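Written out below as structure tokens is the structure these notes cover.
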Protein chains: 2
Amino acid sequence: MRIGEAAAAAGTSTKTLRFYEDRGLLPPAERTGNGYREYGNDAITRLEFIRRGRAAGLTLAQIGEILTLRDRGSAPCTHVRDLLAGQLADLDAQIAELAALRDAVAGFHHTASAGDPADCDPNRICSYL
Amino acid sequence: MRIGEAAAAAGTSTKTLRFYEDRGLLPPAERTGNGYREYGNDAITRLEFIRRGRAAGLTLAQIGEILTLRDRGSAPCTHVRDLLAGQLADLDAQIAELAALRDAVAGFHHTASAGDPADCDPNRICSYL
DNA sequence: CTTGACCTTCCCCTATGCTGGAATGTCAAG
DNA sequence: CTTGACATTCCAGCATAGGGGAAGGTCAAG
């Protein structure tokens, strides 16, 4: 199938397919006589995998690693497990950071809600921040 | 004081000061005869405010709004309170999203940790994702 | 007189994952 | 024969908050 059909089948755009090929996530597509890219079902499988990886918050670079391992014939499962572990740790760190920020902002907001704007110190930009 | 001293006093870089001026967060600096920027203590106050705002996760655009209100003579406290409320809501949404992602990734990771790589289905890129 | 530490403007680069558009080619249908 | 829907390549941009470095001006000290 041609690029438009493949993109539609994978629920993405032709731009994205060319972009992935350029980034090495998809192998260079076969070309028909007129230079059009030609895709098979394996490309769709690959695109779906990429989408699942994205949904799990993996970067294209990480997904590319997995695909490269797969393409070299080795089972990437162990690597995937490690990536997932790292992703889990990253997410926990991000969540902790955001939660701390949230608490700080909540404190500011509480003060701001309780205060009277008339009390605002003209020497500060804003007393609440 | 000149830009280098001001930057050091505010704990930032000269690049950042010029950048903020360009973005309207700092008023165009006075210039001495040789064209050098000249700063007073109010600039430091402003820079410190910007830093507090950044630490609260506000964007430069939002901080700019506050400063503009302040420069027009009105007390920006009410606006600050609203910005903080919005920021709080944003943070809660982000945290919820990350937490959901974290759970999904944890599920994948659990499966990956339990499985045997030998079971990997050759027809899939990786059975664990 | 020169060196070194400042300062100026200017433009490009970073990371991420695409998206838009221009200029051009291909091909089946009416 | 032309129109329209495809396809190709390549270049540019988004949004964020600056950083890097070039080419050059200024000024005090040695």
Side-chain angles (χ1 to χ4, degrees), chain A residues 1-26 28-39 43 46-67 83 86-87 90-91 94 97-98 101, chain B residues 1-26 28-40 43 46-67 83 87 90-91 94 97-98 101:
Chain A
M1 69 188 103
R2 291 188 306 185
I3 195 170
E5 196 185 345
T12 181
S13 71
T14 61
K15 286 281 194 188
T16 300
L17 265 69
R18 293 193 195 99
F19 176 69
Y20 285 173
E21 178 177 323
D22 186 57
R23 289 307 199 72
L25 292 165
L26 291 178
E30 306 282 316
R31 301 293 181 124
T32 54
N34 51 24
Y36 288 8
R37 287 174 180 81
E38 186 66 25
Y39 293 94
R46 221 170 157 93
L47 285 166
E48 283 166 353
F49 178 78
I50 295 171
R51 200 165 45 164
R52 285 196 302 277
R54 293 284 303 137
L58 298 181
T59 65
L60 292 185
Q62 292 173 319
I63 297 168
E65 287 176 16
I66 302 173
L67 292 170
L83 278 179
Q87 176 69 354
D90 283 357
L91 286 171
Q94 278 182 51
E97 199 173 328
L98 281 182
L101 179 55
Chain B
M1 72 187 98
R2 291 187 305 185
I3 195 171
E5 197 184 345
T12 181
S13 70
T14 61
K15 285 281 194 188
T16 301
L17 265 69
R18 295 193 193 97
F19 176 67
Y20 284 174
E21 178 177 326
D22 186 57
R23 288 304 201 72
L25 292 165
L26 292 176
E30 308 282 316
R31 300 293 181 127
T32 55
N34 51 24
Y36 288 6
R37 287 175 178 82
E38 186 65 26
Y39 293 94
R46 222 170 157 92
L47 285 166
E48 283 166 353
F49 178 77
I50 294 171
R51 200 165 42 161
R52 286 196 301 278
R54 292 284 301 136
L58 298 180
T59 65
L60 292 185
Q62 290 173 318
I63 298 168
E65 286 176 16
I66 302 173
L67 291 168
L83 277 179
Q87 178 67 355
D90 283 357
L91 286 170
Q94 279 181 51
E97 199 172 329
L98 282 182
L101 180 54

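Residue numbering restarts at 1 for every chain, and letters A, B, ... go by the order of the sequence lines. What you see is a predicted model, and the numbers here were worked out from it, not measured in a lab.
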So, with a heavy-atom separation below 4.0 Å from DNA chain C, the residues of residues 28-36 of chain B are B/Arg31, B/Gly35, B/Tyr36

Its 5'-most and 3'-most nucleotides having an atom under 4.0 Å from a non-hydrogen atom of chain A, DNA chain D is contacted over D/dC6 to D/dC10

Side-chain donor-acceptor pairs of residues 48-60 of chain A under 3.5 Å, sequence neighbours excluded:
residue, atom, partner, partner atom, Å
A/Arg52, NE, B/Leu129, O, 2.7
A/Arg52, NH2, B/Leu129, O, 3.1
A/Arg54, NH1, A/Leu58, O, 3.1
A/Thr59, OG1, A/Ala61, N, 3.4
A/Thr59, OG1, A/Gln62, N, 3.1

In short, B/Leu26 meets B/Leu17 closest at the heavy-atom pair CD1-O, 3.8 Å

Rounded to 10°, the helix from C/dC1-D/dG30 to C/dG30-D/dC1 deviates from straight, judged by its five-pair end axes, by 50°

In 5'-to-3' order, the base (B), backbone-only (S) or no-contact (-) status of each nucleotide in nucleotides 11-22 of chain C, using a 4.0 angstrom heavy-atom cut-off, is ------BBBBB-

The side chain to side chain contact (heavy atoms under 4.5 Å, CB included) partners of B/Glu97 (sequence neighbours excluded) come to none

Sorted by chain and number, sequence neighbours left out, side-chain hydrogen bond (donor to acceptor under 3.5 Å, both in side chains) with A/Ser13 holds for A/Thr16

For a quick test of your reading: what N or O donor-acceptor pairs under 3.5 Å do the side chains of residues 1-10 of chain B make, sequence neighbours left out?
none

Sorted by chain and number, sequence neighbours left out, side-chain hydrogen bond (donor to acceptor under 3.5 Å, both in side chains) with A/Arg46 holds for A/Asp71

Those residues at least two apart in sequence (or on a different chain) that pass side-chain hydrogen bond (donor to acceptor under 3.5 Å, both in side chains) with A/Arg37 are A/Glu21

With sequence neighbours left out, the residues meeting side chain to side chain contact (heavy atoms under 4.5 Å, CB included) with B/Asp22 are none

